[in-house]
Amino acid sequence: MNKISPSQEGERIRIDNNRLFIPENPVIPYIEGDGIGPEVMGVARKVLDAAVKKAYQGRKKIIWLEIYAGEKANKKYSKYLPQDTIQSIRDYIVAIKGPLTTPVGEGYRSLNVTLRQILELYACVRPVQYFSGVPSPMLHPEKMNMVIFRENTEDVYAGIEWPQGSKEVKKLLHYLKKELGVEIRKDSGIGIKPISITGTKRLVRKAIQYALEKGRKSVTLVHKGNIMKYTEGAFRDWGYQVAKEEFSQETVTEKELWDKYQGKLPCGKILIKDRIADNMFQQALTRTDEYEVVALPNLNGDYFSDACAAQVGGLGMAPGANIGDFIALFEATHGTAPKYAGQDKVNPSSMVLSGVMMLEYIGWRQAGNLIRQAIAKAIKQKKVTYDLARQMGIEPIKCSQFGEAIIDNL
């Protein structure tokens, strides 16, 4: 039984001629999330509404539709991820969610991973950019301005694994030894790491398209192909194939850059390069401004995006989105922080900036720009939540008060 009540207002975003059609009053589903989710989502919705009203003088308006996942869904449906929610995201195409609880080691599978896989949201997109005045461990955090494209459906995150001692592991151990001559310790858990041509090419294609649309100068393929040659090494090779086969007029490789152009990137071209993952972590610290758009397999992308976020103030300042061919689900990159739930304390910037990404996705850039400027102004005014305030040596304001400060600055 469908327990979601569609609004009588608003129109659905739809796909026309292979493009999104955005009405002036789109219905956008939202999931509050667990833990601090209701607080940060509440602030984000107020800020987004105020910015849209300010930017378009009432001509445009988001019609919010609540859908359910996590603890709230379990109370309503006795399921953590009801089919109603999945279908609503499919129907309305663009949605936004707060953080959802994921148990470690046992319990139900990650709802975030499940949503990404069921809805084919294959690209986790995370812009990482510095706001002046935010405390940072770096001498020059302003050099960080990367957009990370992390593959979302494959690699070890595909969830193909079995526990130590299980009948499945015993069968695999026997097969691997007998058929392939591979011996693994009998007390091992086993996971499988798939990386495909399909998954790789569609991710890299989206990263290159983004770089072209936004005027970025480079796309870097990050991998551990020196060790995992047929998975991560293949990710690198297939990424270069996409660039050559589909974007040959717009891209040059690093080798071509030096062989043909004496190291100077031709006007209008994008540089395609690759880096070994461990080296890239170092480069992100020491040569930060040499990287603009970065494409990675799932696990490395998870680590790398958090490491980059740490340079600009942490996950509280880092937005994110999960995007497929059309369907897009925007989300805060941090967790549920249950020990802070209900305290009106945490930084809502990740959630708010994820909403800004959503506004940009639907073409409402003017409203998004107003929010970015208002957040920057609030930080300069030293109106910040506890996570930044303790590093700045000032008194913090509440989560809700930070939202009010953003709105006042619009």
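Every heavy atom of this structure was used, including side-chain atoms; hydrogens, water molecules and symmetry mates were not.
- Using a 4.0 Å cut-off between charged nitrogen and carboxylate oxygen, E331 and K97 count as a salt-bridge pair.
- For L203 against A295, the heavy-atom pair with the smallest separation is CD2-CB, 4.3 Å.
- Both cation-pi conditions hold for K273 and Y291: the charged atom is under 6.0 angstrom from the six-membered ring centre and inside a 45 degree cone around its axis.
- Stacking of R275 on the aromatic ring of F281 is not recorded, the 6.0 Å distance cut-off and the 45° axial limit not both being met.
- Screening residues 16-29 for side chain to side chain donor-acceptor pair (under 3.5 Å) gives R14-D16 as the qualifying pairs, with residues at least two apart or on separate chains.
- A side chain to side chain donor-acceptor pair (under 3.5 Å) check over residues 53-62, counting only residues at least two apart or in different chains, returns nothing.
- Pairing each heavy atom of M146 with each of C308, the nearest pair is SD-SG, 4.2 Å.
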Practice prompt. Determine, stepwise, if the pair K345 / E39 fulfils salt bridge (Lys or Arg N to Asp or Glu O under 4.0 Å).
Written response: CA-CA 9 Å; K345 182 176 182 177; E39 296 160 65; over 6 Å; no
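- Each of N322, T153, D325 was scored for a side chain to side chain donor-acceptor pair (under 3.5 Å) with Y122, with one residue passing: D325.
- Considering all non-hydrogen atoms of both residues, S305 and R126 come closest at OG-NH1, 3.0 Å.
- In this structure, E161 has no side-chain contact (heavy atoms from CB on, under 4.5 Å) partners at least two apart in sequence or on a different chain.
- D408 pairs by the side-chain contact (heavy atoms from CB on, under 4.5 Å) definition with nothing, not counting sequence neighbours.
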Which pairs of donor and acceptor atoms, one on a side chain in residues 170-191, lie under 3.5 Å apart (sequence neighbours left out)?
{"residue": "S188", "atom": "OG", "partner": "R185", "partner atom": "O", "Å": "2.9"}

Worksheet item: How far apart are the C-alpha atoms of Y68 and D84, what are their side-chain angles, what is the distance that settles it, and do they pass the side-chain hydrogen bond (donor to acceptor under 3.5 Å, both in side chains) test?
Response: CA-CA 8 Å; Y68 306 93; D84 287 358; over 6 Å; no
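- We find that E245 and K201 are joined by a salt bridge, their nearest charged nitrogen and carboxylate oxygen being less than 4.0 Å apart.
- Summarising the geometry of Y157 relative to R150, their closest heavy-atom pair is CE2-NH2, 3.0 Å, with the distance given to 0.1 Å.
- Because its NZ or CZ atom is both nearer than 6.0 Å to the ring centre of Y30 and within 45° of the ring axis, R45 counts as a cation-pi partner of that residue.
- Sorted by first and then second residue, the side chain to side chain donor-acceptor pair (under 3.5 Å) pairs involving residues 386-397 (not counting sequence neighbours) are N347-D387, T385-D387.
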